**Q** 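My structure is below; once you've seen it, I'll send some questions.
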There are 2 protein chains.
Amino acid sequence: MARTTREHRPAAERREQLLDAAVEVMRAGGVAAATTRAVADRAGLPQGAFHYCFRSKDELFGALLERELDASLGRAWAAVTAAGDLESGIAGALGAILDRVRSDPEYHLLTAELVDVAARTPDLAHVAAREHGAYVEQAERMLRGWTDAGGVPLAVPARAVAESLVAASTGITSAWLASRDDAAAEATVALLARGVALAATPR
Amino acid sequence: MARTTREHRPAAERREQLLDAAVEVMRAGGVAAATTRAVADRAGLPQGAFHYCFRSKDELFGALLERELDASLGRAWAAVTAAGDLESGIAGALGAILDRVRSDPEYHLLTAELVDVAARTPDLAHVAAREHGAYVEQAERMLRGWTDAGGVPLAVPARAVAESLVAASTGITSAWLASRDDAAAEATVALLARGVALAATPR
DNA sequence: GTCTATACGTGGATAGAC
DNA sequence: GTCTATCCACGTATAGAC
């Protein structure tokens, strides 16, 4: 027998429910699949619920973008702790990111698509830019952690090295997502790690 | 006064018209904006014309993907001709790609989105993979051209260097598309070019 | 072969009941 | 605050005129 009434829950909780559901729907079918109906259905809510949690689909989209990118950011360079020399530290970091992508390709395909869409949408462009900046900053912090502790001096600004690492990780990631070629990805990790380390260290 | 009849043109020509129109529509509004109506309108054709040129929207999408990626590929590393040493050759190549992206950001945002969508779509995943492979191959050919001519030996397989260059160019491109930071992008080009050259050359 | 008119489904959003 | 019923615009595809 169908339940006629539904438990009343605070709107904030419903929002989270809907955001979770949106991610699930998008994982399976991409951004285009996330209609208000599909998202609400997945969340086990009536379609109308959508519009008293979010004013519009665009608003959900913005909220989703911020939440997922922040979450993704938090996990990005986290796995990397210690490092012997600079090269193996960088290789470890790039390898860790690659592993995360390999363990959940759909999710990372989704975040890539989200960033693309955000970069095009005027209201959301700043989110993509801010996210990129935060990503670089985190890489820079990681680098400084190593250099301060291990006494490895850099021949170039840490910021520039950080930018290069972010570019490298993005490139490696999207190459793997397109080709699914493990060997090539690992070779690229090794070569770029070696290269960045060499270019960043005084000779 | 409205023209009541329309000139009859061969279907192949209509297809090109529609593909051109699809690119224009997508540049402005992303992949999602490319509805059959919008595309046909932009091409100056009735909506129904769509369906005797393409069996479905998916078919247009596949055709578009192949055409644009092939075109993009043809232009990718073409600007680079000669090079003094390996490092400046690589820097020139990466810089040329960055310039192309800067001169037409919407278009490159679009190709990025197209690749994302293709990678997710089962029927189209092979297109993304093939494109990536072709891209690497072209970079490898460029490298071989330099090494054969200039007598610059490589310490690692040319293929691995090529993979790294493709990853680097992708990463640099998407960083710039997100941040629009010219200085950072140029610094990354320089650092990665230097790094790849150092890592690829016997020490 | 080319084009028009139209059917049918889907999607976003709202008004108002509970 | 929560939910239902419904509106209207849009999107794809087809049937059939020219």
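Residue numbering restarts at 1 for every chain, and letters A, B, ... go by the order of the sequence lines. Note that the structure is a prediction, hence the values are computed from the model and not measured.
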**Q** Using a 4.0 Å heavy-atom cut-off across all strands, classify B/A38 as base, sugar-phosphate, or nothing.
**A** nothing

**Q** Do B/R144 and B/W146 meet the cation-pi criteria used here (NZ or CZ under 6.0 Å from the six-membered ring centre, within 45° of the axis)?
**A** no

**Q** Passes side-chain hydrogen bond (donor to acceptor under 3.5 Å, both in side chains), B/T111 versus B/E68? Steps please.
**A** CA-CA 8 Å; B/T111 58; B/E68 294 308 310; over 6 Å; no

**Q** B/D58 CG to D/dA13 P: how many Å, rounded?
**A** 8 Å

**Q** Picking from C/dT2, C/dA7, C/dG12, which would you name as closest to the side chain of B/R37?
**A** C/dA7

**Q** Ignoring backbone atoms, establish whether B/T36 has a side-chain N or O less than 4.0 Å from OP1 or OP2 of D/dG11.
**A** no

**Q** Measure from the side chain of B/P46, starting at C-beta and using heavy atoms only, and say which of C/dG11, C/dT2, C/dT4 lies closest.
**A** C/dT4

**Q** Between B/R194 (side chain) and B/A91 (backbone), is there a donor-acceptor pair under 3.5 Å?
**A** no

**Q** Nearest whole angstrom, please: distance from the C1' of D/dT14 to the NZ of B/K57.
**A** 18 Å

**Q** Of all the choices, D/dT12, C/dC3, C/dA13, which nucleotide is nearest to the side chain of A/H51 once you look at every atom?
**A** C/dA13

**Q** So what does B/F50 hit on the nucleic acid, given a heavy-atom distance under 4.0 Å: a base, only sugar-phosphate, or nothing?
**A** nothing

**Q** Within this structure, what is the CG-to-P distance between B/L60 and D/dG11, rounded to whole angstrom?
**A** 15 Å

**Q** The side chain of A/Q47 lies closest to which of these nucleotides: C/dT14, C/dT6, D/dC3?
**A** C/dT14

**Q** In Å and rounded to the nearest 0.5 Å, what is the CZ to CE distance from B/R42 to B/M26?
**A** 13.0 Å

**Q** Can a side chain N or O of A/R55 be found less than 4.0 Å away from OP1 or OP2 on C/dG12?
**A** no

**Q** In whole Å, I'd like the distance from the CD atom of A/E13 to the C1' atom of D/dG1.
**A** 13 Å

**Q** With side-chain hydrogen bond (donor to acceptor under 3.5 Å, both in side chains) as the criterion, how do B/Q17 and B/R14 come out once you've worked through the C-alpha distance, each side chain's angles and the decisive distance to 0.1 Å?
**A** CA-CA 5 Å; B/Q17 250 179 291; B/R14 295 294 191 213; 2.9 Å; yes

**Q** Taking the minimum atom-to-atom distance to the side chain of A/S56, which one of C/dA13, C/dG12, C/dC3 wins?
**A** C/dA13

**Q** What's the closest nucleotide to the B/Y52 side chain, out of D/dT12, D/dC3, C/dT2?
**A** C/dT2

**Q** What is the distance, to the nearest angstrom, from the CG atom on A/D41 to the P atom on C/dT10?
**A** 12 Å

**Q** Rounding to a whole Å, what distance do you find between B/F61:CZ and D/dT12:P?
**A** 13 Å

